[in-house]
J.: 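Just dropping this structure here.
Remember, it's a predicted structure, so these values are computed and weren't measured experimentally. We number each residue from 1, following the sequence as shown. Hydrogens, waters and symmetry mates play no part in the numbers below; they use all other heavy atoms, side chains included.
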Amino acid sequence: EIAQCLVGSEMCIRDRDKYSKRSTARLWIALAILMATCFTTKIYAQDAVTKAVESAAVIVEEPVLDSGNTAWIITATILVLLMSIPGIALFYGGLVRQKNVLSIIMQTLFIVGVVSILWVAFGYSWAFGTDFMESGSPLGAVIGGFDKAFLHGITIDTLTSGNIPELTFVMFQCMFAIITPALILGAFAERIKFSGYMVFIILWVILAYFPMAHWVWGGGFLQEMGAIDFAGGTVVHVNAGISALVMAIMLGQREDYRIGHPITPHNITFVFLGTSFLWLGWFGFNAGSGLAADGLAANAFMVTHIATAVAAVTWMAIDWICNKKPTTVGACTGAVAGLVAITPAAGTVDLLGAFFIGLITPIVCFFMVAVVKPKFKYDDALDAFGVHGIGGIVGSILTGVFATQYITGEGGQQGALYGDWHQLWIQIFATLVSIVFSAVITFILYKVVDSWIGIRVSRRVEEEGLDIYEHGESAYN
């Protein structure tokens, strides 16, 4: 019995050991399954989190209207309009004789009206459309296309650079299209027929301004080359200034124009007021061109003011040295020259560049007005070429000298002063293209309009004044 008990005990022990081994194996299997399940769950959870983050990133990347930028560009748009009415109207109106002041005002008002209509009809599309370029059409080298004609496809929710409404950008650029032909008025003041003027301006804006805006700002070949024109050195000032020179030469001198005996302005107070509006409005012109209320806008604001201040003081000093007296008209003219020259450079130069651009430009412009114009005997009545044309040329070229990565950022554009001579050659080429294109278009348009309608008024109308004969009004009673 004892033996049987011993044998039974051994069998029990063996069964228990078997059961323990089986239990341990089952426990390890269960633990492995549990770990695999947890790991799989963790992977799925990570995938879910990743997908959620990616979805959130997609949502964040969707453009959202920037109310600060939008408010600033709306303000800048208003400021640029002030440059034309009343800025240019007062500045040029004060420089002419009182018998012609209303003609200047009327010419300016006409530009504001007709160019605004042309701009929303197809001008904006020609300058900033993409239809021709995307389709591979050779016309894409000249104009953008008709895809945005009459603002097609642009809604109140459509955003553009700076996360501002595209409608705001349309209006901002419209003001540039307005002031550009207004600058030409100074060259042919006091002797142009209003009917001929109307046709010329309409054709000039269509054939000269819209394509040039596309070339430099709308993705055209000059922009692709890397030409710097932050706010309109070539598009606005060189374009208008060269056209002014061609028109002055083609029209000929005023009947009572005498070399060395400038015609006295009828209201220098108007000249000062016009300059003030131009100086004020130019802050929107330059500081708004970055399309954002940021540090670039702040720098553009600062360099615009400093270059203008230096230019005004420099012209006054030259005037004092050469003509023995500092004049109000001289200081105002110097300020405008500084505003013109800093325009292409406002987004790429710092204080150093602003100072030297403001110093160099009035010296060159004064020489053109006081020496070159009498020498070649062309009657640029209000020095539209001498100030805007030459100022734009000098500013565009000096941009290729003083542009700095301190403003453009690491890897950004810089000028010859900082070792990049290639940028200077690009600026010179873009300037030459603007000069040649504007001169050719203006010459052709003058010939066409003059043969069709006639551009210059008769001798009697010029002697009596354009206000009475062209508009039936007198500015002063």
J.: Taking side chain to side chain donor-acceptor pair (under 3.5 Å) as the criterion, tell me which of Thr234, Thr348, Thr343, Thr399 meets it with Asp229.
T.: Thr234
J.: Report the residues that fulfil side chain to side chain contact (heavy atoms under 4.5 Å, CB included) with Ala187, sequence neighbours left out, ordered by chain and then residue number.
T.: Ala244, Ala248, Asp380, Ala384
J.: With side chains defined as the heavy atoms from C-beta onward, is the minimum distance between Phe200 and Thr442 less than 4.5 Å?
T.: yes
J.: Looking only at heavy atoms, what is the nearest atom pair of Leu207 and Phe437, with distance?
T.: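 The pair with the smallest heavy-atom distance is O-CZ, 3.2 Å.
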J.: Side chains of Thr327 and Asp319: do they bring a donor and an acceptor to under 3.5 Å?
T.: yes
J.: Just by distance, no angles: are the side chains of Thr304 and Asn286 close enough, under 3.5 Å, to form a donor-acceptor pair?
T.: yes
J.: Quick test of your reading of the model: are Asp379 and Arg258 salt-bridged, counting only N-O distances below 4.0 Å?
T.: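 No, this pair does not count.
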J.: Taking the side chain as every heavy atom from C-beta outward, state whether Trp315 and Cys365 have any atom pair closer than 4.5 Å.
T.: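 Trp315 vs Cys365: side chains touch.
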J.: Could you tell me if the side chain of Phe285 sits less than 4.5 Å from the side chain of Ile179, heavy atoms only?
T.: yes
J.: Would a line drawn from the ring center of Phe169 to the ring center of Phe128 be shorter than 6.0 Å?
T.: yes
J.: Name every donor-acceptor pair, under 3.5 Å, that has one atom in a side chain of residues 100-108 and the other anywhere in the protein, sequence neighbours excluded.
T.:
from	atom 1	to	atom 2	distance (Å)
Asn100	OD1	Leu466	N	2.8
Asn100	ND2	Glu190	OE2	3.0
Ser103	OG	Asn100	O	2.5
Thr108	OG1	Ile104	O	2.8

J.: How about Tyr197 and Phe194: are their ring centroids closer than 6.0 Å?
T.: yes
J.: Identify the residue among Thr264, Asn267, Asp256 that makes a side chain to side chain donor-acceptor pair (under 3.5 Å) with Arg97.
T.: Asp256
J.: Are His266 and Tyr476 close enough that their ring centers fall under 6.0 Å?
T.: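 When the ring centroids of His266 and Tyr476 are compared, they turn out to be within the sub-6.0 Å range.
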J.: Run through Ile202, Ile444, Ile455, Ile201 and flag the one making a side-chain contact (heavy atoms from CB on, under 4.5 Å) with Val449.
T.: Ile455
J.: Do Ser243 and Ser438 meet the criterion of a side-chain donor-acceptor pair at a distance under 3.5 Å?
T.: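 Ser438 and Ser243 do have a side-chain donor-acceptor pair below 3.5 Å.
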J.: Do Met83 and Phe277 come close enough that some side-chain heavy atom pair is under 4.5 Å?
T.: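 SC-SC contact between Met83 and Phe277 ruled out.
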J.: Determine whether the side chains of Gln413 and Tyr418 contain a donor N or O and an acceptor N or O closer than 3.5 Å.
T.: no
J.: Out of Trp282, Phe176, Tyr209, which residue meets the ring-ring contact (aromatic ring centres under 6.0 Å, His included) rule with His237?
T.: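 For His237, the ring-ring contact (aromatic ring centres under 6.0 Å, His included) test succeeds with only one of Trp282, Phe176, Tyr209, which is Trp282.
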J.: What is the minimum heavy-atom distance between Ile393 and Val238, and which atoms define it?
T.: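 In this case the closest contact between Ile393 and Val238 is N-CG2, 3.6 Å.
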